[in-house]
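What follows is a set of notes on a single structure, which appears directly below.
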Amino acid sequence: MPAAISNEEMNHLCRQSIQSYLDLKGIPYTQDQHYLRLKDHDSLVIDTRITPNKPYETFYWNSQGVGGNLFHFLKDYEQYSAGDAIKTLREMEPALANHQHSIPNIKETPKKYEAYRHKGIRYPKRSIDYFIKVRKLSPKLVHAMYKSGLVRELKNGNAFFVWYNHKMQEVGGDEQGTLVNHEKFGKRGTKKKVAWGSKDEFGFHFSCNFGKQPERLYVFESPIDALSFAQMHGHEYSGKQRFLSLNGAGTKVKTIPSFIGEFGVPAELHVCLDTDRAGYKGVKKVKEKYDWLQSLNIPALRNMKLVIDQPPAKYKDWNEQLQKGQDRQLQSMSFEKFIQKNKERFSEKQSQIKPTIMKPEKIVNR
């Protein structure tokens with residue numbers, strides 16, 4: 001990184017418009033009010049809102065667990081070194097400052113989830129076939145999820161995972177595509193979308209082995225990973241187990257304290273993210289939230305144990321392990337052991353500039 005640069009210049013360069021950069025570079029995106037979504041990586045979303053608490057545009061890349069300002073975008077998306085990123089920002093500063101793009105004049109209104117927009121069809125078939133034949137989920141488990149109302153099939157044949165709050169009120173959901181198209185949906189191959197207006201910091205969840213209080217909370221990146229894990233290991237523990245999907249990795253970990261605040265404190269918090277770099281970063285971010293929870297001086301939170309669960313590293317996630325059907329090996333470890341085991345595999349130089357876009361978490365004790 002260039003040595004002769006002041007903090008003032010650094011902030012100015014790094015906080016330039018991400019949307020202007022996309023326009024000037026010809027990077028295609030779609031726009032929905034204040035949010036932009038890249039066409040080649042639809043899990044990368046740019047928030048163009050400027051507020052007193054967020055005085056510059058930011059991005060979040062859910063599948064990679066990263067986010068920040070334009071400087072971080074150049075490093076994470078363009079794969080620039082810190083020095084090259086600053087050089088590029090200096091060179092493009094006049095063009096970025098003068099670029100004009102259409103910013104919709106929108107009055108902020110609260111998002112409202114409308115369940116009727118996500119009605120299920122009476123006789124689901126395509127989504128059930130997808131779960132059983134492609135994802136290799138147990139027919140018994142799949143049919144149980146549909147029968148209980150946790151999953152339904154939309155008119156387009158996609159599956160819809162329903163989110164319920166502690167009063168069993170429908171508060172959101174996420175759509176899972178059932179047709180594989182890598183050209184359209186990239187490496188993932190299928191559509192994934194959280195329904196508009198879904199409850200913030202929440203996600204799809206279900207329980208098994210009911211008891212008086214939650215005993216174990218298992219946290220995953222996706223509903224299918226949660227179902228895969230439950231199929232392979234749900235019978236191994238007699239106490240109550242709750243399974244929660246974050247719909248992402250590092251950028252979605254604020255869901256955990258919010259969820260615990262609504263459903264109660266488990267005796268053990270099991271983090272079951274993917275074995276890739278995004279999952280590694282996600283586990284580290286969960287540890288930060290776990291330390292914050294323990295600092296709240298609430299006995300149940302102080303006693304809550306943190307456990308990291310992963311399949312062998314040769315599998316990216318739990319569903320890949322299930323699909324290959326070679327073994328059901330489960331690796332449970334402490335956070336310290338997890339870091340020791342993976343720090344060389346995911347070693348990287350930490351950026352000297354970190355995004356300052358975190359908001360204070362809130363938790364309500366029940």
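Predicted model only: the values in this text are computed from it and were never measured. Excluded from the calculations below are hydrogen atoms, water molecules and symmetry mates; all remaining heavy atoms, backbone and side chain alike, are included.
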Could you check whether any side-chain N or O of [X] sits under 3.5 Å from a backbone N or O of [Y], counting only pairs where one atom can act as donor and the other as acceptor?
X: E288; Y: Y290; value: no
X: N319; Y: R135; value: yes
X: K112; Y: G197; value: no

>> Side chains of E236 and H233: any donor to acceptor distance under 3.5 Å?
In response: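 Checked: H233/E236 side chains pair up, N/O donor to acceptor below 3.5 Å.
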
Between R345 and Y280, do the side chains contain a donor N or O and an acceptor N or O under 3.5 Å apart?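 Not at all, the side chains of Y280 and R345 share no donor-acceptor pair under 3.5 Å.
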
Heavy-atom side-chain contact between [X] and [Y] under 4.5 Å:
X: C14; Y: N69; value: yes
X: D291; Y: F335; value: no
X: R15; Y: F71; value: no
X: F259; Y: L217; value: yes
X: Y29; Y: D23; value: yes

What are the two closest heavy atoms between [X] and [Y], and how far apart are they?
X: V286; Y: L269; answer: CG1-CD2, 4.5 Å
X: C208; Y: G234; answer: SG-O, 4.3 Å
X: S198; Y: G172; answer: OG-CA, 3.3 Å

Contacts table for residues 303-310: side-chain donor-acceptor under 3.5 angstrom, sequence neighbours left out:
from, atom 1, to, atom 2, distance (Å)
N303, ND2, P299, O, 3.1
D309, OD1, S332, OG, 2.6
D309, OD2, H270, ND1, 2.7
Q310, NE2, D274, O, 3.1

Check: For the residue pair W61 and Y77, does the interplanar ring angle fall in the parallel (under 30°), tilted (30 to 60°) or perpendicular (over 60°) class?
Finding: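 Rings of W61 and Y77: tilted, as their planes differ by 30° to 60°.
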
Checklist entry - Do K199's NZ or CZ and the ring of F202 fall within the cation-pi criteria of under 6.0 Å and 45°? => result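 Yes; both conditions hold, so K199 lies above the ring face of F202.
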
When E175 is tested against each of K193, K191, K192 for salt bridge (Lys or Arg N to Asp or Glu O under 4.0 Å), which residue passes?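 So, applying the salt bridge (Lys or Arg N to Asp or Glu O under 4.0 Å) to E175 and each of K193, K191, K192, only K191 qualifies.
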
Problem set entry | Electrostatic pair E9:R90 at N-O distance under 4.0 angstrom |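 Yes.
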
- Residues E320 and K324 bridged, charged N to O under 4.0 Å: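 K324 and E320: salt-bridged.
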
| request: Provide the full list of salt bridge (Lys or Arg N to Asp or Glu O under 4.0 Å) pairs with a residue in residues 139-156, sequence neighbours left out, each pair given once. | output: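 Residue pairs passing salt bridge (Lys or Arg N to Asp or Glu O under 4.0 Å), neighbours aside: R152-E170.
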
> Got more than 12 heavy atoms from elsewhere within 6.0 Å of CG, D200?
Replying inline: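 Open: at most 12 neighbouring heavy atoms sit under 6.0 Å from CG of D200.
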
TODO: Check whether the ring centres of H205 and F263 lie less than 6.0 Å apart, and answer yes or no.
DONE: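 Yes, the ring of H205 comes within the 6.0 Å limit of the ring of F263, centre to centre.
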
